[in-house]
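All figures in this text were calculated on a predicted structure; none of them were measured in a lab.
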Amino acid sequence: MPYRNMNVQANNHRILIVDDEEIIRLALKTILEKSGITTDEAGSALEGLSQLEQHPYSLVISDHKMPGMSGLDFLGQVKKLCPQTIRILTTVAFNIASHIEEINKAEVFQFIIKPWDSKTLLETVERGLKKFESDNRSENLHESSLSTNQALASTALNLEDKCQSLEQQVKDTKANWVQTIQISLGPCHTYFPWM
């Protein structure tokens, strides 16, 4: 089957594949890298957590049944460590109803049933990467908006300080002017209503 190009900038993304079966990791890696995506592998959930500390990932694909820590538990840890990373779970047979709480905690983006079809896998990954890009754009806009608002608030405070300073200068100038006129006129000055 020919590998299709992604409708996202695949070379801007890095994906972590976590599965205790080397042949599965290799198959996923081959499919994804032929689409231009950089991938890393981990043979266990603990190794995957270690990889997450070393690199930022746009997306993580994890097997569910692994020794030590299940894929859902692992993806729950991924959510805590890297909440922006999209999480996909692969599994052979899966009773969703009995894992609803774990699924919700981990905020799993999608399930891929083994054996997967390469086209479906790539479409799922592409949707995940688009969501990652969209979430990051939203986050960047939010941060930019906060930064702009902080700059405007700071400018407003500076303007308020300058206005108060100018008002005080006007009062001081008026007082000095009145005092100068009074001194100039001496004791026989005419009444001026503004004095």
Side-chain angles (χ1 to χ4, degrees), residues 1-96 99-100 102-143:
M1 172 186 158
Y3 293 90
R4 64 192 203 93
N5 289 330
M6 296 269 178
N7 288 327
V8 292
Q9 290 291 340
N11 57 353
N12 292 341
H13 298 283
R14 187 180 202 121
I15 292 179
L16 177 62
I17 301 164
V18 182
D19 198 304
D20 59 320
E21 294 182 55
E22 186 177 2
I23 190 87
I24 300 294
R25 292 194 313 267
L26 181 61
L28 285 168
K29 184 178 182 73
T30 301
I31 292 168
L32 295 171
E33 289 190 346
K34 284 190 176 183
S35 292
I37 301 170
T38 302
T39 62
D40 291 328
E41 306 171 50
S44 70
L46 290 177
E47 190 182 330
L49 292 173
S50 175
Q51 290 275 53
L52 283 165
E53 292 174 2
Q54 297 172 35
H55 303 287
Y57 291 97
S58 302
L59 190 141
V60 172
I61 300 173
S62 175
D63 184 33
H64 177 54
K65 294 205 175 205
M66 295 186 291
M69 183 187 295
S70 76
L72 276 175
D73 290 337
F74 167 68
L75 292 178
Q77 292 296 315
V78 173
K79 181 185 179 290
K80 288 179 189 172
L81 293 171
C82 312
Q84 74 284 0
T85 299
I86 302 300
R87 296 163 296 281
I88 293 176
L89 187 73
T90 62
T91 185
V92 253
F94 193 67
N95 180 354
I96 291 177
H99 295 285
I100 290 292
E102 294 165 288
I103 292 166
N104 289 338
K105 270 189 194 172
E107 291 182 13
V108 174
F109 173 71
Q110 187 92 39
F111 298 93
I112 297 176
I113 304 298
K114 293 179 185 177
W116 62 79
D117 162 288
S118 295
K119 180 178 182 265
T120 303
L121 171 76
L122 287 172
E123 287 171 352
T124 302
V125 167
E126 182 176 7
R127 280 194 311 276
L129 294 177
K130 283 181 179 176
K131 179 173 176 16
F132 177 83
E133 289 176 353
S134 173
D135 290 352
N136 278 340
R137 274 193 303 276
S138 296
E139 182 65 28
N140 289 341
L141 284 172
H142 178 70
E143 287 175 12

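- Side-chain contact between Thr124 and Ile88 is present, with at least one heavy-atom pair separated by less than 4.5 Å.
- Under 3.5 Å, the side chains of His13 and Ser58 contain a donor-acceptor pair of N or O atoms.
- To the nearest 0.5 Å, atom CG of residue Leu129 and atom CD1 of residue Ile37 are 5.0 Å apart.
- The backbone N or O of Ala106 sits less than 3.5 Å from a side-chain atom of Arg87, completing a donor-acceptor pair.
- With hydrogens and angles ignored, the 3.5 Å screen pairs no side-chain donor or acceptor of Glu41 with any backbone N or O of Leu26.
- Taking the side chain to side chain contact (heavy atoms under 4.5 Å, CB included) definition, one finds that Lys105 meets it with Glu101, sequence neighbours left out.
- Between Leu52 and Gln77 the shortest side-chain heavy-atom distance does not fall below 4.5 Å.
- Here the shortest heavy-atom pairing between Phe74 and Leu16 reads CZ-CD2, 4.5 Å.
- Between atom CD1 of residue Ile61 and atom OG1 of residue Thr90 there is a gap of 7.5 Å, rounded to the nearest 0.5 Å.
- Put simply, CG on Leu59 and CZ on Phe109 are 8.0 Å apart, with the number rounded to the nearest 0.5 Å.
- To the nearest 0.5 Å, atoms CE (Met69) and CG (Leu75) are separated by 10.5 Å.
- The line from CG of Asp63 to NZ of Lys114 is 3.5 Å long, rounded to the nearest 0.5 Å.
- In this structure, Thr85 contributes its side chain and Tyr57 its backbone to a donor-acceptor pair below 3.5 Å.
- In this structure, Lys29 and Ile17 have side chains that are in contact, with non-hydrogen atoms separated by less than 4.5 Å.
- For Glu22, the CD atom sits in a loose shell: 12 or fewer heavy atoms of surrounding residues, nucleotides or ligands are nearer than 6.0 Å.
- Between atom CD1 of residue Ile15 and atom CG of residue Leu32 there is a gap of 5.0 Å, rounded to the nearest 0.5 Å.
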Next item on the list: For the pair Gln84 and Cys82, evaluate side-chain contact (heavy atoms from CB on, under 4.5 Å) and give the outcome as yes or no after the intermediate values.
Entry: CA-CA 6 Å; Gln84 74 284 0; Cys82 312; 4.1 Å; yes
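- The two residues Val18 and Ser44 make their nearest non-hydrogen contact at CG1-O, 3.5 Å.
- Taking all atoms of both residues into account, the shortest heavy-atom contact from Arg25 to Ala42 is CD-O, 3.3 Å.
- Counting heavy atoms from C-beta outward, Arg127 and Glu123 have side chains that approach closer than 4.5 Å.
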